[in-house]
Peer 1: 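Quick one: this structure, given as structure tokens, is what I'll be asking you about.
Whatever order the structure lists them in is the order used to number ligands and atoms, beginning at 1. From a predicted model like this one, the values you see are computed outputs, not experimental measurements.
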Amino acid sequence: MTQRPIVIVGAGHSGAKASAALRKHGWTGPIALIGDETHVPYDRPPLSKAVLLGTKTSDQCAFFPAAWYLDKGIDLLLEKRVACIDRVEDRVAFEDGDDLRYHRLLLATGSSLNALSVPGADLEGVWPLRTPRHADAIAASLRPGARLVVIGAGVIGLEVAAAAVERGCVVHVLEVAPTAMGRSLPETISTDLIEEHRRRGVDVRFSARVAALEGDKKVSRAHLETGESLDCDLVVYGVGVKPRTELAKAAGLRVDAGILADGLLQTEDAKIFACGDVCQYESRLFERHLRLENWRNAEDQADAAARNMLGQQTTFDAVPWFWSNQYDLTLQVAGMPALGGLTIVRKVGSSRLYLSAGRDGRLWAASGLGSVRDIAAPIRQLKEAIAARRLVNIAAMSDQNTLFELLA
Ligand code: FAD
């Protein structure tokens, strides 16, 4: 009997890295990496940074060239969508009628974009940002003097705003919530970050809801619910993503905010694993299930899932970490800021560090905004302190000179 492949659904970041990790950790059997996009798996972060700034092209973002998959004996099947999973037969069925039986199955289906649901959202010149096609179209429109409306002050919206300012555009950012990046940052950091945008001329408005977009074929105006309107040449929206859990759900796997998995990234079906944006795994460190949407998580979970599909018992319990680049500033966030009620701010060089602690002193997160040179090393150390469940010395908090002395 021929050996069944390890099948990976989702040829994105986590899927591609899991295929590489399977080979690295000794799997010599077949691997099928299945994706519904047209491109070989690519890295998304440069799409909202270097590609918009014109320092990289979108086709330079591939993780590996197509020949690499051939060389590694990985069957990369593109423009193919998995329609359903048959857990009795251990089989995935494709939308085009083909099917494939699996030895192990990894669900790395990522997230899909939330739609912008306002009249005029289908006009030309209105873009989300997730794929090379989106990035190329937006980059081509960022000409000096172009007027850009960004809907949503999340990480992608703010990166687009920063790149557009650097390319000489006039930028408005409209956010329906009262703060920026509300889900992932404490208010103190988002206030500092928005101040940096305003200092560079971005018109950032909170509690600002777009009522409609208008234009003759192409967008030319954004109407706000207040009755005000803004002339524009381009609209980019970043209004969140949702995990692509539909396959797992239809297969009867447990799904909550993502596909539920244990610390081994294994679902309740011992042959099926999940990783990346779609995976909601059990974190002992944070005493809850977490679903993360960031690059480091996609990278590290891919490795852990690959090991565990090969029978290792590698518990994944990393401290979450993400970064964003806006202008010459880097933002780094380690841990879970939302869990800490107290935010302590410290200056390091020309940058700032923010510690998020609980009332009991537990350090839940550490963030930095400024230059990589100032913040990278302390964030690394503070990340270790979070992993070690260190407490913060609340009594030392008012002393501006302390940072690591804060850790009890
Ligand atoms: P994806 O990379 O989205 O891969 C999932 C793949 O599965 C997709 O190709 C999808 O089409 C495919 N798929 C889904 N369902 C099926 C199916 N049924 N059949 C076949 N294929 C299917 N993170 C950071 O930490 N820092 C950053 O600066 C940063 N910048 C970013 C900038 C942009 C523009 C974007 C979009 C994301 C950014 N991220 C950043 C987030 C990071 O890129 C994601 O968290 C990461 O890509 C998630 O990887 P993934 O493999 O889970 O999902």
Peer 1: Is Glu246 close enough to touch ligand 1? Criterion: a residue heavy atom under 4.0 Å from a ligand atom.
Peer 2: no

Peer 1: Please work out which of Arg44, His134, Lys49, Glu293 has its closest non-hydrogen atom nearest to atom 30 (N) of ligand 1.
Peer 2: Lys49

Peer 1: Would you check if there is a donor-acceptor pair between the side chains of His39 and Asp59 at a distance under 3.5 Å?
Peer 2: no

Peer 1: Enumerate the atoms of ligand 1 whose separation from the nearest heavy atom of Arg130 is less than 4.0 angstrom.
Peer 2: 3 (O), 36 (C)

Peer 1: With side-chain contact (heavy atoms from CB on, under 4.5 Å) as the test, pick out the partner of Thr245 among Leu107, Thr109, Val278.
Peer 2: Val278

Peer 1: Give the residue and atom name of whichever protein heavy atom lies nearest to atom 44 (C) of ligand 1, and the separation in Å to one decimal.
Peer 2: Asp277 OD1, 3.7 Å

Peer 1: Using a 3.5 Å distance criterion without hydrogens, assess whether the side chain of Thr267 forms a donor-acceptor pair with backbone atoms of Ile272.
Peer 2: yes

Peer 1: Can you tell me which residue and heavy atom of the protein come closest to atom 35 (C) of ligand 1, and the distance to 0.1 Å?
Peer 2: Ile156 CD1, 3.5 Å

Peer 1: Hey, is the main chain of Asp317 close enough, under 3.5 Å, to the side chain of Arg284 for a donor-acceptor pair?
Peer 2: no

Peer 1: Quick one: sort the Trp323 and Trp321 rings into parallel, tilted or perpendicular, breaks at 30° and 60°.
Peer 2: parallel

Peer 1: For Glu282, what residues pass the side-chain hydrogen bond (donor to acceptor under 3.5 Å, both in side chains) criterion, not counting sequence neighbours?
Peer 2: none

Peer 1: Look at atom 32 (C) of ligand 1 and say which protein heavy atom is nearest, naming residue and atom and giving the distance to 0.1 Å.
Peer 2: Ser48 OG, 3.3 Å

Peer 1: Can Arg380 and Glu384 be counted as an ion pair, charged N to O under 4.0 angstrom?
Peer 2: no

Peer 1: Counting heavy atoms only, which part of Arg81 comes closer than 4.0 Å to ligand 1: side chain, backbone, both or neither?
Peer 2: both

Peer 1: List ligand 1 atoms under 4.0 Å from Glu37, heavy atoms only on the residue side.
Peer 2: 8 (C), 9 (O), 11 (O)

Peer 1: Could you say whether the N/O atoms of Trp323 and ligand 1 ever approach to under 3.5 Å?
Peer 2: yes

Peer 1: If you have a sec, work out which protein heavy atom is nearest atom 4 (O) of ligand 1 and how many Å separate them, to one decimal?
Peer 2: Gly12 CA, 3.2 Å

Peer 1: Is it true that the side chains of Ser14 and Gln301 contain a donor and an acceptor less than 3.5 Å apart?
Peer 2: no

Peer 1: Can you tell me how far NZ of Lys49 sits from CD of Glu166, rounded to the nearest 0.5 angstrom?
Peer 2: 13.0 Å

Peer 1: Run the numbers on Ile8 and Ile74 for side-chain contact (heavy atoms from CB on, under 4.5 Å), then give the verdict.
Peer 2: CA-CA 11 Å; Ile8 303 172; Ile74 296 165; over 6 Å; no

Peer 1: Below 3.5 angstrom, do we get any N/O pair linking Ser14 and ligand 1?
Peer 2: yes

Peer 1: Under 4.0 Å from a heavy atom of Gly10: which atoms of ligand 1 are those, numbered in the order shown and with their elements?
Peer 2: 6 (C), 7 (O), 12 (C)

Peer 1: Of the protein's non-hydrogen atoms, which lies at the shortest distance from atom 53 (O) of ligand 1, and what is that distance?
Peer 2: Gly110 CA, 3.3 Å

Peer 1: Within the 4.0 Å heavy-atom shell around Gly276, which atoms of ligand 1 are there?
Peer 2: 52 (O)

Peer 1: Under 3.5 Å, is there a donor-acceptor pair between the side chain of Gln280 and the main chain of Gly258?
Peer 2: yes

Peer 1: Whether the Thr330 and Gln332 side chains hold a donor-acceptor pair (N or O, under 3.5 Å, no angle test) is what I'd like checked.
Peer 2: no

Peer 1: Would Trp321 count as a polar contact of ligand 1, with the cut-off being nitrogen or oxygen pairs under 3.5 Å?
Peer 2: no

Peer 1: If we count only N and O atoms by modelled type, under 3.5 Å, do the side chains of Tyr102 and Arg104 hold a donor and an acceptor together?
Peer 2: no

Peer 1: Asp36 heavy atoms, cut-off 4.0 Å: which ligand 1 atoms fall inside?
Peer 2: 10 (C), 11 (O), 12 (C), 13 (N), 16 (C), 20 (C), 21 (N), 22 (C)

Peer 1: I'd like to know if Lys17 contacts ligand 1, where contact means a heavy-atom distance under 4.0 Å to any ligand atom.
Peer 2: no

Peer 1: Determine whether the side chain, the backbone, both or neither of Val9 has a heavy atom under 4.0 Å from any heavy atom of ligand 1.
Peer 2: side chain

Peer 1: Short N/O distance, under 3.5 Å, between Val82 and ligand 1?
Peer 2: yes

Peer 1: Taking heavy atoms and a distance under 4.0 Å, where does Leu247 meet ligand 1: side chain, backbone, both or neither?
Peer 2: side chain

Peer 1: Assess Glu159 for proximity to ligand 1: is some non-hydrogen atom of it under 4.0 Å away?
Peer 2: yes

Peer 1: Under the salt bridge (charged side-chain N to carboxylate O under 4.0 Å, His left out) definition, can you give me all pairs with a residue in residues 238-251, not counting sequence neighbours?
Peer 2: Asp36-Arg244, Arg244-Glu246

Peer 1: Side chain, backbone, both or neither: which applies to Pro45 and ligand 1 if a contact is any heavy-atom pair less than 4.0 Å apart?
Peer 2: both

Peer 1: With side-chain contact (heavy atoms from CB on, under 4.5 Å) as the test, pick out the partner of Leu116 among Val236, Val126, Val210.
Peer 2: Val126

Peer 1: Please state which part of Val155 comes within less than 4.0 Å of ligand 1, counting heavy atoms only: side chain, backbone, both or neither.
Peer 2: neither

Peer 1: Report the part of His13 in contact with ligand 1, treating N, CA, C, O as backbone and CB onward as side chain, heavy atoms under 4.0 Å; options are side chain, backbone, both, neither.
Peer 2: both

Peer 1: What class does the angle between the rings of Trp27 and His103 fall in, given that below 30° is parallel, 30 to 60° is tilted and above 60° is perpendicular?
Peer 2: parallel

Peer 1: With heavy-atom distances below 4.0 Å as the criterion, list the atoms of ligand 1 near Ala108.
Peer 2: 5 (C), 6 (C), 7 (O)

Peer 1: Under 4.0 Å from a heavy atom of Gly35: give me the atoms of ligand 1 that qualify, with their elements.
Peer 2: 20 (C), 21 (N)

Peer 1: Does any N or O of ligand 1 fall below 3.5 Å from an N or O anywhere on Trp295, backbone included?
Peer 2: yes

